[in-house]
Amino acid sequence: MRSPRDLLYRAYNRSLTKSLPADRLPRHVGVMLDGNRRWAKLRGADTAHGHRAGADNIRPLLGWCEEAGVEVVTLWLLSTDNLRRDAREVEPLLRIIQDVVTELADGRQWRINLVGAAHLLPSDTVQVLRAAVDRTADVDGMVVNVAIGYGGRQEIADAVRSLLAEAAERGTTLEELSTTLEVEDIAEHLYTKGQPDPDLVIRTSGEQRLGGFLLWQSAHSEFYFCEAYWPDFRKVDFLRALRAYAERERRFGG
């Protein structure tokens with residue numbers, strides 16, 4: 001039997017959902033899943049426990065996004081900076097990430113896309129992630145970008161490197177490239193090429209900084225900072241982020 005508090009919570013969620021204008025909701029939502037370690041520390045648990053709790057909250061989030069009509073979700077699961085942490089933390093985290101991405105792919109509900117510098121990851125991790133991408137390549141559903149080994153500066157460097165290699169294959173000189181290069185040319189070599197830029201970026205845990213997430217793509221994004229640590233992020237928090245986004249007047253000129 002549901003408690004009065006649960007009933008009130010559900011009623012509030014329904015009210016929030018009904019109040020959201022369908023024509024003012026984001027197509028692409030980026031989420032910085034922050035606060036797993038601090039969540040675990042508050043409970044006297046180890047870091048891996050926090051990461052597992054965070055992983056358990058990913059599928060519910062994706063369900064909420066799908067209900068709201070979101071077309072693309074980008075989840076920042078592991079940064080390039082995270083890779084420099086102690087191996088005793090990184091190795092369990094990589095296994096947790098492999099497990100959650102595999103579970104998402106096995107469901108064949110959403111199309112998985114790997115976003116990040118794969119060459120910085122262990123080969124067995126890359127193999128698991130690419131298998132998940134391959135298994136969902138034909139899924140006609142919401143695109144889920146899993147940002148693993150991701151850093152915004154690294155992405156831009158990789159994009160420029162790819163652009164230069166492509167130009168060299170065509171026989172284009174650096175002098176010629178310098179006279180024709182446009183912003184769109186670099187965008188075509190980003191990890192998220194072909195996708196809309198994020199309309200809304202959500203960061204949990206109370207931190208109010210970008211931290212290198214989608215540096216290029218978020219130039220015109222709206223940001224929403226939530227105090228809850230990621231494992232405690234609830235549907236009501238997500239709906240409040242959508243409400244805040246819908247209430248803003250977007251200005252694309254800076």
Side-chain angles (χ1 to χ4, degrees), residues 2-43 45 47 49-79 96-97 100-101 103-104 109-110 142-147 150 197-214 217-218 221-250:
R2 296 193 182 103
S3 68
R5 182 176 180 178
D6 288 338
L7 293 173
L8 285 172
Y9 176 74
R10 288 172 179 268
Y12 181 53
N13 279 348
R14 286 195 296 271
S15 175
L16 268 178
T17 301
K18 289 179 181 178
S19 71
L20 296 174
D23 60 340
R24 292 182 62 83
L25 295 180
R27 293 177 61 199
H28 182 173
V29 175
V31 187
M32 305 170 72
L33 286 61
D34 195 18
N36 291 342
R37 293 196 301 171
R38 282 169 283 169
W39 181 91
K41 186 176 180 179
L42 281 175
R43 287 156 178 78
T47 299
H49 179 71
H51 291 315
R52 282 191 292 270
D56 289 342
N57 208 23
I58 289 175
R59 179 173 283 278
L61 168 73
L62 296 178
W64 308 331
C65 289
E66 188 172 54
E67 289 173 9
V70 175
E71 298 171 19
V72 183
V73 182
T74 300
L75 306 172
W76 199 6
L77 302 180
L78 182 74
S79 72
I96 292 167
I97 288 172
V100 72
V101 173
E103 289 169 8
L104 293 176
Q109 185 173 356
W110 304 300
M142 185 173 69
V143 175
V144 179
N145 294 324
V146 287
Y150 177 86
D197 288 339
D199 303 292
L200 172 65
V201 174
I202 300 170
R203 181 166 189 164
T204 59
S205 85
E207 298 287 350
Q208 298 190 25
R209 52 191 171 82
L210 193 53
F213 184 51
L214 300 177
Q217 299 92 327
S218 65
S221 301
E222 297 294 325
F223 292 87
Y224 183 85
F225 301 104
C226 178
E227 291 295 323
Y229 293 139
W230 168 245
D232 287 334
F233 188 79
R234 303 166 299 165
K235 185 175 184 178
V236 67
D237 299 310
F238 177 69
L239 294 175
R240 286 169 177 163
L242 294 187
R243 181 180 62 185
Y245 171 84
E247 291 173 347
R248 296 178 188 176
E249 179 181 351
R250 299 192 70 191

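Values below: all heavy atoms of this structure, side chains included; hydrogens, waters and symmetry mates excluded.
Applying side chain to side chain contact (heavy atoms under 4.5 Å, CB included) to Val201 and the options His28, Met32, Gln217 leaves one that passes, Met32. Under the side chain to side chain contact (heavy atoms under 4.5 Å, CB included) rule, Val29 has a single partner from Asp199, Ile202, Thr74, which is Ile202.
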For this session: Give the intermediate values and the outcome of side-chain contact (heavy atoms from CB on, under 4.5 Å) for residues Met142 and Val144.
Result: CA-CA 6 Å; Met142 185 173 69; Val144 179; 4.3 Å; yes

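Residues that satisfy the side-chain hydrogen bond (donor to acceptor under 3.5 Å, both in side chains) test with Glu222, not counting sequence neighbours, are Arg248. For Gln109, the side chain to side chain contact (heavy atoms under 4.5 Å, CB included) partners two or more places apart in sequence, or in a different chain, are Arg59, Glu66. Residues that satisfy the side chain to side chain contact (heavy atoms under 4.5 Å, CB included) test with Val143, not counting sequence neighbours, are Val72, Arg111, Asn113, Asn145, Gln195. By the salt bridge (Lys or Arg N to Asp or Glu O under 4.0 Å) test, Asp197 pairs with no residue at all, sequence neighbours left out. The ring-ring contact (aromatic ring centres under 6.0 Å, His included) check on Tyr229 picks up nothing, with sequence neighbours excluded. Partners of Ser205 by side-chain hydrogen bond (donor to acceptor under 3.5 Å, both in side chains), not counting sequence neighbours, listed by chain and number: Asp34, Arg38. Taking Arg37 as the reference, Glu89 meet the side-chain hydrogen bond (donor to acceptor under 3.5 Å, both in side chains) condition, with sequence neighbours excluded. Here Asn36 pairs with His51, Trp230, Pro231 under the side chain to side chain contact (heavy atoms under 4.5 Å, CB included) rule; sequence neighbours left out.
Listed here is the closest heavy atom pair of Phe225 and Glu207: CD2-O, 3.1 Å. Considering every non-hydrogen atom in both Tyr150 and Trp76, the closest pair reads O-NE1, 3.3 Å. Closest approach of Gly30 to Pro198, counting heavy atoms only: N-CB, 4.4 Å. When all heavy atoms are compared, the tightest approach of Ala68 to Leu25 is O-CD1, 3.7 Å.
Residue pairs meeting the salt bridge (Lys or Arg N to Asp or Glu O under 4.0 Å) criterion with at least one member in residues 12-27, sequence neighbours excluded: Arg27-Glu71. Among residues at least two apart or in separate chains, salt bridge (Lys or Arg N to Asp or Glu O under 4.0 Å) pairs with a member in residues 224-233 are Arg43-Asp232. Within the structure, salt bridge (Lys or Arg N to Asp or Glu O under 4.0 Å) contacts touching residues 49-58 (residues at least two apart or in different chains) do not occur.
In this structure the side chain of Cys226 never reaches within 4.5 angstrom of the side chain of Arg203, judged on heavy atoms. Within the 4.5 Å cutoff, the side chain of Val100 has no heavy atoms near those of the Val146 side chain.
Remark: side-chain polar atoms of Trp110 are not paired, donor with acceptor, to backbone N or O of Leu104 under 3.5 angstrom. Here the side chain of Ser15 pairs no donor or acceptor atom with the backbone of Ala11 at under 3.5 angstrom.
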Identify each donor-acceptor pair in which a side-chain atom of residues 233-246 lies under 3.5 Å from a protein atom, sequence neighbours left out, and give them as a table.
{"residue": "Lys235", "atom": "NZ", "partner": "Glu67", "partner atom": "OE1", "Å": "3.0"}
{"residue": "Asp237", "atom": "OD2", "partner": "Arg234", "partner atom": "N", "Å": "2.8"}
{"residue": "Tyr245", "atom": "OH", "partner": "Arg250", "partner atom": "NH1", "Å": "3.1"}

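Rounded to the nearest 0.5 Å, atoms CG (Leu78) and CG (Leu33) are 11.5 Å apart. Note: Phe213 CZ to Ser79 OG = 11.0 Å, rounded to the nearest 0.5 Å.
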